[in-house]
Visitor: 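Please see the structure below; I have some questions.
Because the structure is a prediction, the values reported are computed rather than measured. Chain letters run A, B, ... following the sequence lines, proteins first and then strands; every chain starts at 1.
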Protein chains: 2
Amino acid sequence: MKLTEAKEQFINSWGAFGTQWGINRTMAQIHALLLVSTQPLTQDDIMEYLNISRGNVNMNIRGLVDWGLVERVIISGERKDHFAAEKDIWKVATQIIKERKKRELDPMIKLLGQLENIDADKKDKEAKQFLEVISGIKRTGNQADKILDLMIKAEENWFTSSILKMFK
Amino acid sequence: MKLTEAKEQFINSWGAFGTQWGINRTMAQIHALLLVSTQPLTQDDIMEYLNISRGNVNMNIRGLVDWGLVERVIISGERKDHFAAEKDIWKVATQIIKERKKRELDPMIKLLGQLENIDADKKDKEAKQFLEVISGIKRTGNQADKILDLMIKAEENWFTSSILKMFK
DNA sequence: CTGAATTTTCAAAATTTTTTGAAAATATAA
DNA sequence: TTATATTTTCAAAAAATTTTGAAAATTCAG
């Protein structure tokens with residue numbers, strides 16, 4: 001397989017992969033393109049390479065910057081903005097975990113806490129089972145939360161990073 | 001908050017949560033409904049409770065059964081099939097991890113392995129950087145794979161489960 | 001400032017995904 | 001076996017999401 005072909009295949013697969021994770025295809029493709037690109041690219045470069053419109057590139061690039069996966073890079077002498085992806089995949093994973101935790105896990109745990117405060121007879125079987133399920137989810141969510149926090153801090157945390165190394 | 005209200009809220013939030021993870025809203029809602037339901041439900045029960053069509057219930061229930069999150073339960077004397085969700089959330093999480101690993105991570109790692117076999121000059125800067133990114137992703141993917149395997153096997157594995165307990 | 005280059009916005013169009021519901025298939029009781 | 005209940009399928013409709021592209025806003029060199 002040739003390099004160009006391999007790049008193309010990677011970009012397409014990364015895009016398909018993304019859709020399974022609730023990320024839209026184009027955003028994942030742009031991310032993939034920037035991952036395998038030697039230099040930072042402009043919006044026009046991306047438009048041309050992926051054959052998509054200016055507005056589309058602009059919105060999805062913004063999304064990637066919001067996720068902390070892509071950086072705006074200023075190249076002196078060049079007028080246009082350039083964009084580059086973080087290439088250390090461990091950092092990418094960490095960043096995604098951090099964001100999803102903040103955007104999804106934390107609010108869900110908060111909601112579960114509220115749902116635990118229903119006013120119902122403690123002896124009501126229905127209510128009892130509901131509370132069991134809810135607090136079970138909350139407990140597991142909190143555990144996940146702690147583990148993820150440690151992973152995020154692994155670089156600064158000798159203990160966690162040695163444990164993680166044991167799995168490598 | 002009343003129990004009925006809390007259930008409703010839980011079902012809706014779980015549905016919204018699902019869409020962020022590439023699961024369709026209805027499937028997540030059915031899952032939530034079964035989670036907080038005291039008895040197993042029939043397709044008709046679900047139709048009525050969530051106000052959705054028969055076909056929709058049928059397809060999504062099948063999806064949940066495929067994911068191993070819901071079981072068909074035979075109730076003697078009753079003609080209709082009943083369905084019940086696994087309520088131990090740790091098992092639910094394990095099952096989801098197992099399936100996603102099989103359906104997504106494993107194929108992705110396989111693809112990355114293929115992409116490493118491009119025929120290009122090892123000195124070509126483009127090619128070199130591409131291979132670095134690809135093998136970086138593959139390495140991280142493999143690490144995740146190992147960690148997830150251990151989590152899945154945690155119940156049967158003293159070592160892992162004691163490590164996981166340390167985080168609780 | 002001015003004006004050209006670049007970026008952003010957003011309503012409308014295109015596409016993709018989900019849902020419906022009726023028909024077909026299957027299962028079960030009598 | 002026959003009649004009825006139940007489940008499954010799937011083409012068409014509806015809904016949701018993504019994409020386009022042109023206009024508006026912003027940036028910046030001169």
Side-chain angles (χ1 to χ4, degrees), chain A residues 11-34 39-67 70-84 103-104, chain B residues 11-34 39-67 70-84 103-104:
Chain A
I11 290 166
N12 287 330
S13 306
W14 202 246
F17 201 59
T19 56
Q20 308 234 272
W21 284 83
I23 290 136
N24 89 339
R25 173 176 271 92
T26 305
M27 193 187 281
Q29 285 181 339
I30 294 175
H31 185 219
L33 172 60
L34 292 176
Q39 322 86 13
L41 302 180
T42 64
Q43 295 197 173
D44 290 87
D45 295 335
I46 299 169
M47 277 171 71
E48 192 182 349
Y49 196 96
L50 298 178
N51 276 111
I52 54 179
S53 71
R54 182 175 304 287
N56 198 2
V57 171
N58 191 272
M59 292 198 127
N60 286 117
I61 271 282
R62 180 144 57 81
L64 287 165
V65 172
D66 285 348
W67 275 90
V70 163
E71 253 195 5
R72 204 175 289 258
V73 174
I74 309 289
I75 295 189
S76 63
E78 298 262 6
R79 179 77 176 273
K80 293 179 187 170
D81 287 348
H82 287 63
F83 297 90
R103 296 180 191 196
E104 296 157 28
Chain B
I11 289 166
N12 288 331
S13 307
W14 202 247
F17 201 59
T19 57
Q20 309 234 271
W21 284 85
I23 290 137
N24 89 338
R25 175 177 270 90
T26 304
M27 192 186 283
Q29 285 182 339
I30 294 176
H31 185 219
L33 173 59
L34 292 175
Q39 322 85 13
L41 302 180
T42 64
Q43 293 196 177
D44 290 86
D45 294 336
I46 299 169
M47 276 172 71
E48 193 182 346
Y49 196 98
L50 298 178
N51 275 111
I52 55 180
S53 71
R54 183 175 302 286
N56 198 2
V57 171
N58 191 272
M59 291 198 128
N60 286 117
I61 273 280
R62 179 143 58 81
L64 287 166
V65 172
D66 284 349
W67 274 89
V70 163
E71 253 195 2
R72 202 176 289 258
V73 172
I74 308 289
I75 294 189
S76 63
E78 297 262 7
R79 181 76 176 272
K80 294 178 185 169
D81 287 349
H82 287 64
F83 297 90
R103 297 180 190 196
E104 296 156 27

Visitor: Is the NZ or CZ atom of B/R25 positioned over B/W14's six-membered ring, under 6.0 angstrom from the centre and within 45° of the axis?
Guide: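 No, a cation-pi geometry is absent between B/R25 and B/W14.
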Visitor: Can you tell me if the side-chain N/O atoms of A/R62 get under 4.0 Å from OP1 or OP2 in C/dT9?
Guide: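 The answer is yes; a side-chain N or O of A/R62 sits under 4.0 Å from OP1 or OP2.
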Visitor: Give the rounded distance in Å between these two atoms: CD of A/E78 and C1' of D/dC28.
Guide: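 Result: 15 Å.
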Visitor: Could you tell me the separation between the CD atom of B/Q29 and the P atom of C/dT18, rounded to a whole number of Å?
Guide: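 For the pair B/Q29 CD and C/dT18 P, the rounded distance is 13 Å.
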Visitor: My understanding is that only residues two or more places apart in sequence, or in another chain, count here; which of them pass salt bridge (Lys or Arg N to Asp or Glu O under 4.0 Å) with A/E104?
Guide: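 Listed in chain order: A/R100.
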Visitor: For the pair made of CD in A/Q20 and P in C/dT16, what is the distance, rounded to whole Å?
Guide: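 Computing the A/Q20:CD to C/dT16:P distance gives 16 Å.
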Visitor: Is the shortest distance from a Lys or Arg side-chain nitrogen in B/R54 or B/D44 to a carboxylate oxygen in the other one below 4.0 Å?
Guide: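 Looking at B/D44 together with B/R54, the answer is yes, because their closest N to O distance falls below 4.0 Å.
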Visitor: Take atom NZ of A/K80 and atom C1' of C/dT8, then tell me their distance rounded to the nearest Å.
Guide: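 After rounding, the gap between these two atoms is 16 Å.
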Visitor: Quickly work out the A/Q43 CD to C/dT9 C1' distance and round it to whole Å.
Guide: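 So the CD-C1' distance, A/Q43 to C/dT9, works out to 12 Å.
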Visitor: Please enumerate all residues that pass salt bridge (Lys or Arg N to Asp or Glu O under 4.0 Å) together with B/R79, with sequence neighbours excluded.
Guide: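 Partners of B/R79 by the salt bridge (Lys or Arg N to Asp or Glu O under 4.0 Å) criterion come out as none, since no residue qualifies.
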Visitor: Does a nitrogen or oxygen in the side chain of A/N58 sit under 4.0 Å from OP1 or OP2 of C/dT8?
Guide: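 Affirmative; the distance criterion is met.
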Visitor: Using distance alone, with no hydrogens and no angle criterion, decide if A/Q43 and A/D81 have a side-chain donor and acceptor under 3.5 Å apart.
Guide: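 Looking only at side-chain atoms, A/D81 and A/Q43 do not form any donor-acceptor pair under 3.5 Å.
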Visitor: Might you work through the side-chain hydrogen bond (donor to acceptor under 3.5 Å, both in side chains) test for B/S53 and B/N56, ending with a clear yes or no?
Guide: CA-CA 5 Å; B/S53 71; B/N56 198 2; 4.8 Å; no
Visitor: To the nearest angstrom, how far is A/I30 atom CD1 from D/dT19 atom P?
Guide: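 Whole-Å distance recorded here is 9 Å.
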Visitor: What's the CG-C1' distance between A/L50 and D/dT18, to the nearest Å?
Guide: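 So the CG-C1' distance, A/L50 to D/dT18, works out to 15 Å.
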Visitor: Mark up nucleotides 19-30 of chain C, 5' to 3', with B wherever a protein heavy atom is under 4.0 angstrom from a base atom, S wherever such an atom reaches only the sugar-phosphate, and - elsewhere.
Guide: SBB-----BB--
Visitor: Over how many whole Å does the gap from B/R72 atom CZ to D/dT6 atom P extend?
Guide: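 Atom-to-atom, B/R72 to D/dT6, this comes out as 14 Å.
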